[in-house]
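What's counted below: heavy atoms across the whole structure, side chains too, no hydrogens, waters or symmetry copies. In what follows, every chain begins at residue 1, and chains take the letters A, B, ... in the order their sequences are listed. Every value quoted in this text rests on a predicted model; they were computed, and no experiment measured them.
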Amino acid sequence: MKIVIQDIGEFDLQPGQPLKRILSEIKKVVKKLPVGFKFQEEYLDWHTPVTSSLGNGELVELIPIYPDDKEALWFLRHTASHVLAQAVKELFPEAKLGIGPAIEDGFYYDIYYTRPFNEEDLEKIEKKVKEIIQKRLPLERREISKEEAEKLFSSLKEEFKLELIKEINEDTVSIYSQGDFVDLCRGPHVLSTGDIKAIKLLSVSGAYWRGDEKNPMLWRIYGTAFFSKEELEKYLKRLEEIKKRDHRKLGKELELFTIEEAIGPGLVIWLPKGALIRNLIENFWKEEHFKRGYQLLYTPHIALRDLWKVSGHLDFYAENMFPSMELENRAYQLKPMNCPFHIYVYNQKRRSYREFPIRFCELGTVYRFERSGVLHGLLRVRGFTQDDAHIFCREDQLEEELTNVLDLVVYFLKVFGFYEYKIFVSTRPEKFVGDPKVWDKAEEALKKALENKGLSYEIDPGEGVFYGPKIDLKIKDVLGRFWQCSTIQVDFNLPERFDLVYVGENNKFYRPIMVHRALLGSLERFLGVLIENYAGAFPFWISPVQLKVLTITDRTIPYAEKVAQTLEKAGFRVERDFRSEKLNYKIRIAQQEKVPYMVILGDKEEENQVVSLRSRTGEVLNNLSLEDLISKLKTENQPYYQLNERS
RNA sequence: GCCGGCGUAGCUCAGUGGUAGAGCAGUGGAUUCGUAAUCCACAGGUCGAGGGUUCGAAACCCUCCGCCGGCUCCA
């Protein structure tokens, strides 16, 4: 049978033989050897037997994957995880192997052992890993029957592997080996352990077997591997960069927010500078909503417990809610969501079909009980403010409303510097309320709205909320990490439960559809993501301090004060540094505070009645008149500025 | 919640059983300086909380709280 490898050539291969058989032939005609191959959507390594079932029986067309291709790392890291497992088994023969996949930035292996692995173990293991790599052990693949596999892994006392084999539906399973080590594995792998040119073990932590807390806990060893040392270095630098941008660190340094032990875990205090940013964002948010026909609401933080019975939250959401409180024989409940309140606003009067769509928005603070182990800075908290809205509309308006919401999301994200995102449509889960036909319609409406906007999406099957399907947006920050913020959900359940109606054209009652949406998600999380995205250097319009006036000598203080006041009167947020310190020192401090502009004033500036402007990016503009400065800053002092800059 | 690590001045951290330390920040003083750290002095601590071991505990043991990295979950 013929194997055609794109850009390389045509080769003959006996069906059922691995591509390794033609390795030497290929070596003769290529400069760079592929790591593996792609056949349609599947990856093939050198070890996998090529059967005539691939392609049209006579001919198999493969696309080679080279070390520089992103996908190549998945081959390499999968092998790296096997090497890790081999090293652990050599050092700790009683250890039992769980699973060991390649992941986004590296790989891990879950391993059971009588005691946890510590730093020292990790060093020893890494040393062993490197030895195995240096031996340049070739990998071998074999297909064996399930019975054989069970025999093999029970002789190795690998109970977890036996459990995995039982769940495999095929008659045969594949195993990969290198040296004395053998592992149940689907592949793909590289040719030899020697292909791993750079590897580093990063951390150990506990992980339940198969992610279920009822199962025993294994030790998960994380690591990463590359085809070159330089790439590893680059990756480690990126880790450092991420650490530097950590919003918890920057939040403290820039005095944006605090979470106090004495106040409570997951409860955020906004410090003046952080509160200022938040307020600017909130004001912008409100304006944009007013422009788009939303009406602003304020609702209480607690409500009678019965409300949450009607809404279904006590049945479906109880584990995320703080316990209720009794007062004067009535039970109250801290709110985990804003929706029921908005429903009562809807119900203030008899609604007509002519009124739709009705759009209520609220910056609503909710409280959700999160298990202590999952709290994380601003990104995962127990009290947070959603930029929430509920749109009530007729079925025929749903698609348009969803399109409008998408428009608004995309716009907001752009304003805040996010241009890329992943979109997921979550469909009907197993436990759901309502009519499947209506669900289908809603899912269609969601997809249609995305398609109208030309946005591509992935389907997350069965991941919808019990009351309706949803669209989730995960935004990509400058470091390529994804964060879930925006969510758009179609809801048939609550209108039903609260018996919402409107009067139609024919004077009959109909039930409205509710769209629940949060664009930024929660202000806490969004600000956390913003801090990391900008590394604390906020765009001018939301910088808590926009300008810092620095004097060179005490002589200039009166002039500097005049300049500062002029800038303040023009509406900018100004700080003064008139201390008798050296200019270099003051610049350094302002730089660390990430203030966008420093206005530097000395004798020369005073004499000519001008300023010297230094931006935090290091650019210097001398002899700038105050009028020019103010007009320049006014242009920059608007949310759309960076949008305009980009386009 | 579970597993591991950590908790010392406002911040970053040193201190492994014998009198609580450094740098930065703060305060006072000197200096008047041109685009990323001027010098001197002073002040600052219930060593996360509680209990125990010991002649003696920041350090060793126990319990609790919080934080960090994961597991699971989500805005």
Strictly under 6.0 Å, is that where the ring centroids of W285(A) and H289(A) end up?
yes
Sub-4.5 Å side-chain heavy-atom contact between Y411(A) and E288(A):
yes
Could you give the distance separating A30(B) and U19(B) at their P atoms, to the nearest angstrom?
39 Å
Work out how far the P atom of A41(B) is from that of G51(B), and round it to whole angstrom.
41 Å
Using the rule side-chain contact (heavy atoms from CB on, under 4.5 Å), only one of I589(A), V599(A), I587(A) pairs with K548(A); which is it?
I589(A)
Compare all side-chain heavy atoms of H247(A) with those of L379(A) and state whether any distance is below 4.5 angstrom.
yes
Taking protein heavy atoms under 4.0 Å as touching, what does nucleotides 27-38 of chain B look like 5' to 3' if B marks base contact, S marks sugar-phosphate-only contact and - marks none?
----BBBBBBBB
Would you measure the distance from the P atom in A59(B) across to the matching atom in A20(B) and give it in whole Å?
13 Å
Determine the Euclidean distance between corresponding C1' atoms of G21(B) and G44(B); express it in Å to zero decimal places.
13 Å
Flag side-chain contact, heavy atom, 4.5 Å: L629(A) against V610(A):
no
Look up atom NZ in K89(A) and atom NE2 in H82(A), then write down how far apart they are to the nearest 0.5 Å.
13.5 Å
Decide if the gap between the ring center of F416(A) and the ring center of F526(A) is smaller than 6.0 angstrom.
yes
In 5'-to-3' order, the base (B), backbone-only (S) or no-contact (-) status of each nucleotide in nucleotides 65-75 of chain B, using a 4.0 angstrom heavy-atom cut-off, is BSSSBBBBBBB
Please confirm whether R77(A) makes a cation-pi placement over F107(A), using NZ or CZ under 6.0 Å from the six-membered ring centre and within 45° of the ring normal.
no
For RNA chain B, produce a single dot-bracket line, 5' to 3'. Pairs: Watson-Crick or G-U wobble, both distances under 3.5 Å. Symbols: ( ) within strand, [ ] crossing, | other strand, . unpaired.
(((((((..((((....[..)))).(((((.......))))).....(((((..]....))))))))))))....
Qualifying side chain to side chain donor-acceptor pair (under 3.5 Å) pairs with a residue from residues 596-605 of chain A, counting only residues at least two apart or across chains
R555(A)-D603(A), Y597(A)-E636(A)
Rounded interatomic separation in angstrom, taking CD1 from I221(A) and P from C3(B)
19 Å
Using the C1' atom on both, measure G45(B) against A9(B) and round to a whole Å.
6 Å
For U8(B) and G50(B), measure between their P atoms and round to the nearest Å.
16 Å
If we take the C1' atom in both G48(B) and C68(B), what is their distance in whole Å?
15 Å
Please encode protein proximity along nucleotides 9-16 of chain B as a string of B, S and -, counting only heavy-atom distances under 4.0 Å.
--------
Can you pull out every side chain to side chain donor-acceptor pair (under 3.5 Å) where at least one residue sits in residues 518-527 of chain A? Sequence neighbours excluded, please.
R278(A)-E524(A)
Taking only the C1' atom of each, what is the distance from C74(B) to C64(B) in whole angstrom?
28 Å
